[in-house]
Structures are given as C-alpha cells and as structure tokens.
Amino acid sequence: MPELPEVETVRRYLAPVVEGRRFVDVEVRHPRTSRRNTNPADVADRLRGRVVERLDRHGKFLLGHLDSEMTWVTHLGMSGRVVIARPGDAEAIHTHFVARTDDGAEVRLVDPRTFGFVAVFTPEELVSQLNLGRDALSNLPRTPQLAAALDGRTAPIKSLLLDQRIIAGLGNIYADEVLHLARVRPTRPGGSLSPVEMAKLRRSIKPLLEAGIAAGGTSLNDLAYLLPDGQAGDYLDRLRVYGREGQPCRKCGTAIERVVVGGRSSFFCPRCQV
DNA sequence: CCTCCATCCTGTGGGC
DNA sequence: TGCCCACAGGATGGAG
C-alpha cells in the first residue's frame with residue numbers, strides 16, 4: 001500500500017528516532033515478518049546491539065545502515081505501518097516487530113496482511129535481494145534512458161511503471177496519477193509512447209511524488225497507512241483519478257473510468273488520456 | 001528476456 | 001442481521 005511518498009514520510013519521522021541510536025532489544029513476533037532472511041533468526045540477532053548510522057530509502061524500501069556493514073531493511077507491503085511509541089504504550093493488533101532503542105523509543109511494525117517484512121542483510125544479500133531500478137524521486141532516469149527501457153515493450157505502460165526494476169517507488173495510486181498528468185492511458189503499450197509523451201511522463205513523476213510527500217502521503221482509510229504518530233496523510237483529497245470512478249475529471253469534467261490492467265484497478269479520464 | 005497470472009494474508013464494505 | 005464475494009497502497013515465482 002504505501003508507495004514512495006508514504007515511505008518517505010515514514011523515513012522522515014523515523015530517522016531522528018533511530019539515527020545514532022543503538023537497538024537494545026529486538027523482537028520479531030510473526031514468522032512471516034522475518035521470512036526474507038535465509039535464517040529468520042538473523043533479523044533479531046543482527047540488529048540487537050547495533051547502531052543505526054543513517055536511515056535511507058530506495059523506492060519503497062527503508063534502508064537502515066548499521067555500524068556492522070549490514071543493512072536493516074523494512075518493506076511495508078500492502079498494509080504495513082510504522083508506529084513510534086514508548087515501551088508500555090498500548091499496542092495495536094498485528095504488531096509483528098518491535099525494536100527498542102537505547103533512548104527508550106520503540107519502533108513497531110504493524111502489518112495485518114503480513115506482506116511487509118523486516119530483514120537484515122549483508123552487502124551481498126542486499127544486492128541479490130533488492131532488485132531495484134533508480135529511485136523515482138532522488139535519481140529518476142533521464143528521458144532517453146527511460147525511453148530505452150520502454151522501447152519495444154508491449155506490456156501496458158501502467159504495468160511497466162509498477163515494475164520496480166525500471167523505476168523504484170511508484171505504486172498503484174501514483175502510477176495512475178502520473179499517467180493522468182501525462183495524458184497517457186494506462187493500457188497503452190509501453191513501447192508505443194511518442195518521444196513527447198515519454199518526456200511528459202517523465203516530467204510528471206517528481207512533482208506528484210513531492211506533492212504526496214508534502215501532504216504526508218495518501219491515507220485511504222485508517223487501517224492501513226498512517227503517519228508514525230497516527231495522523232492520516234492528506235493527499236487523498238488531491239488525487240486526480242485514483243479511486244474516483246464516475247466522478248468528474250478535475251481537468252475536463254468527464255466521468256473517470258476504471259479498468260483492470262495487469263490485475264490492478266486503474267483509473268483514467270477517457271477524454272484527457274489518449 | 002518478456003508477459004501474464006496466481007499467490008501470499010487479513011479486513012472491510014457492498015449486495016442480497 | 002448475517003452471509004458471501006470482491007477488493008485492497010506489493011512483490012515474486014512459475015508457466016508459456
């Protein structure tokens with residue numbers, strides 16, 4: 001569920017809590033949460049006693065660089081939420097991971113669907129486990145590189161925007177938003193975009209992600225993504241097409257339509273998007 | 001390599 | 001009210 005803007009919002013909350021702090025206690029409470037480590041017990045063992053030197057983000061992954069050459073990796077999946085609390089604070093149901101800092105802060109992962117995970121990887125494991133393209137916000141490929149990646153591709157452009165190996169960070173909401181701003185239908189084959197469309201698509205990405213971050217992300221409801229302090233992100237009100245089937249396009253007033261592309265709901269304006 | 005599809009889960013909301 | 005189904009912000013692996 002959380003896409004780049006939501007993960008970046010979490011990172012900004014979490015960085016001051018963990019950077020320079022040592023994890024004095026780590027608990028993995030659900031076996032699925034540590035499944036990405038070959039030896040699941042490694043997650044707690046490699047994290048306990050370590051200092052987080054810097055909290056980074058690549059696409060939708062949170063990357064905590066430890067004082068041990070290893071990287072603490074968190075992915076929120078569809079329903080993951082980071083909660084920053086103090087020991088003893090009431091715990092939400094589905095709290096599957098808890099790490100306490102030497103400062104007395106608790107970092108919790110709440111994840112009903114358990115699609116998210118926490119891992120601690122060696123540099124080699126990190127490379128093999130995270131197969132990511134360049135970050136959509138901080139390292140977006142230039143138009144020619146993007147065009148080269150999409151050249152000859154027959155898959156729908158929407159599906160290719162969701163492919164984290166091409167660009168890392170877009171998810172179902174922001175992919176639809178980007179396509180609306182770029183005036184391209186989600187069903188168009190990736191390789192069919194003209195150079196002008198390609199440039200427009202590329203230009204649409206950063207402003208939308210930045211607007212999402214400025215709003216604290218998109219909270220569709222209060223059971224999935226919320227800010228780490230429990231507040232809702234405000235970008236929902238500003239969505240151009242996502243979830244707005246039957247409602248008027250904010251540009252031209254035409255009713256927004258819904259189609260399924262690559263198994264994912266996709267929303268578009270049949271008039272604005274070609 | 002590419003494309004498409006099912007799968008991993010829990011919870012909610014709509015239709016009947 | 002209760003039941004059943006569709007659907008949900010993601011990533012991956014297998015079939016073809």
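A note on names: the letters A, B, ... follow the listed sequences, proteins ahead of strands, and every chain is numbered from 1. Values below: every heavy atom of this structure, side chains too, minus hydrogens, waters and symmetry copies.
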Exercise for review: From the options dT10(B), dG9(C), dG10(C), select the nucleotide whose nearest atom is closest to the side chain of Y225(A).
Suggested key: dG9(C)
Exercise for review: Identify the heavy atoms of I173(A) and E3(A) that sit nearest to each other, and give their distance.
Suggested key: N-OE2, 2.7 Å
Exercise for review: Round to a whole Å and report the spacing from CG of D163(A) to C1' of dG10(C).
Suggested key: 12 Å
Review point. Rounded to the Å, how far apart are L220(A) CG and dG11(B) P?
Key: 18 Å
Check your understanding: So, S265(A) and R258(A): side-chain donor and acceptor under 3.5 Å apart, yes or no?
Key -> yes
**Study point:** d(CG, L170(A); P, dG10(C)) in whole Å
**Key:** 10 Å
Review point. Side chains of S138(A) and D135(A): do they bring a donor and an acceptor to under 3.5 Å?
Key: yes
Study note, to complete from the structure: Rounded to whole Å, the CG-C1' distance (L227(A) to dG9(C)) equals 14 Å
Exercise for review: Would you indicate, yes or no, if dC8(B) has its OP1 or OP2 atom less than 4.0 angstrom from a side-chain nitrogen or oxygen of R32(A)?
Suggested key: no
Check your understanding: Is it the case that more than 12 heavy atoms not belonging to R165(A) sit under 6.0 Å from its CZ atom?
Key -> no
Revision key, fill the gap. note: E245(A), atom CD; dA6(C), atom P; distance rounded to Å ~ 16 Å
Check your understanding: Between R185(A) (side chain) and P270(A) (backbone), is there a donor-acceptor pair under 3.5 Å?
Key -> yes
Exercise for review: Using only side-chain N and O atoms of H94(A), determine if any of them is under 4.0 Å from OP1 or OP2 of dG11(B).
Suggested key: yes
Check your understanding: For the residue pair F267(A) and Y242(A), does the interplanar ring angle fall in the parallel (under 30°), tilted (30 to 60°) or perpendicular (over 60°) class?
Key -> perpendicular
Practice item. Please work out if P189(A) contacts a base, only the sugar-phosphate, or nothing of the nucleic acid, heavy-atom cut-off 4.0 Å. Key: nothing
Exercise for review: State which of dG9(C), dC9(B), dC4(B) makes the closest approach to the side chain of I173(A).
Suggested key: dG9(C)
Practice item. State, without any angle test, whether H96(A) and R29(A) hold a side-chain donor-acceptor pair at a distance under 3.5 Å. Key: no
Atom pairs under 3.5 Å, N or O on each side, protein against nucleotides 12-15 of chain C: can you list them with distances?
unit_1  : atom_1 : unit_2 : atom_2 : d
dT12(C) : OP1    : R36(A) : NH2    : 3.2

**Study point:** S79(A) vs dT10(B): side-chain N/O to OP1/OP2 distance below 4.0 Å
**Key:** no
**Study point:** dC7(C) OP1/OP2 closer than 4.0 Å to side-chain N/O of S265(A)
**Key:** no
Review point. Taking OP1 and OP2 of dG10(C), is either one under 4.0 Å from a side-chain nitrogen or oxygen of R264(A)?
Key: yes
Practice item. Could you please spell out the steps behind the side-chain contact (heavy atoms from CB on, under 4.5 Å) verdict for V274(A) and R183(A)? Key: CA-CA 6 Å; V274(A) 184; R183(A) 304 177 71 93; 5.8 Å; no
Review point. Quick one: is dG10(C) close enough that its OP1 or OP2 comes under 4.0 Å of any side-chain N or O from K60(A)?
Key: yes
Point to revise | salt bridge (charged side-chain N to carboxylate O under 4.0 Å, His left out) between K60(A) and E6(A), worked out | key: CA-CA 8 Å; K60(A) 305 171 195 172; E6(A) 291 74 38; over 6 Å; no
Review point. Between atom CG in L162(A) and atom P in dC5(B), what is the gap in whole Å?
Key: 15 Å
Exercise for review: Check the pair Y225(A) / S79(A) against side chain to side chain donor-acceptor pair (under 3.5 Å), numbers first and verdict last.
Suggested key: CA-CA 7 Å; Y225(A) 170 76; S79(A) 62; over 6 Å; no
Review point. Stacking here means centres under 5.5 Å and planes under 30°; does F115(A) stack on dA11(C)?
Key: no
Check your understanding: Just the dot-bracket of DNA chain C, please: which string comes out with Watson-Crick or G-U pairs under 3.5 Å, [ ] for crossing, | for another strand?
Key -> .|||||||.|||||||
Practice item. Classify the nucleic acid contact of G171(A) as base, sugar-phosphate or nothing, counting any heavy atom under 4.0 Å across all strands shown. Key: sugar-phosphate
**Study point:** Proximity to the side chain of R153(A) - top-ranked nucleotide from dC9(B), dG11(B), dC2(B)
**Key:** dC2(B)
**Study point:** Whole-Å gap separating P (dA11(C)) and CG (L62(A))
**Key:** 12 Å
Point to revise | Integer-rounded Å distance: dA8(C) P and R113(A) CZ | key: 10 Å
Point to revise | Ring-face cation of R48(A) near F23(A) (centre distance under 6.0 Å, axis angle within 45°) | key: no
Practice item. Kindly say if H75(A) contacts the phosphate of dG10(C), meaning a side-chain N or O under 4.0 Å from OP1 or OP2. Key: no
Exercise for review: State whether Q164(A) places a side-chain N or O below 4.0 Å from either non-bridging phosphate oxygen (OP1 or OP2) of dG10(C).
Suggested key: no
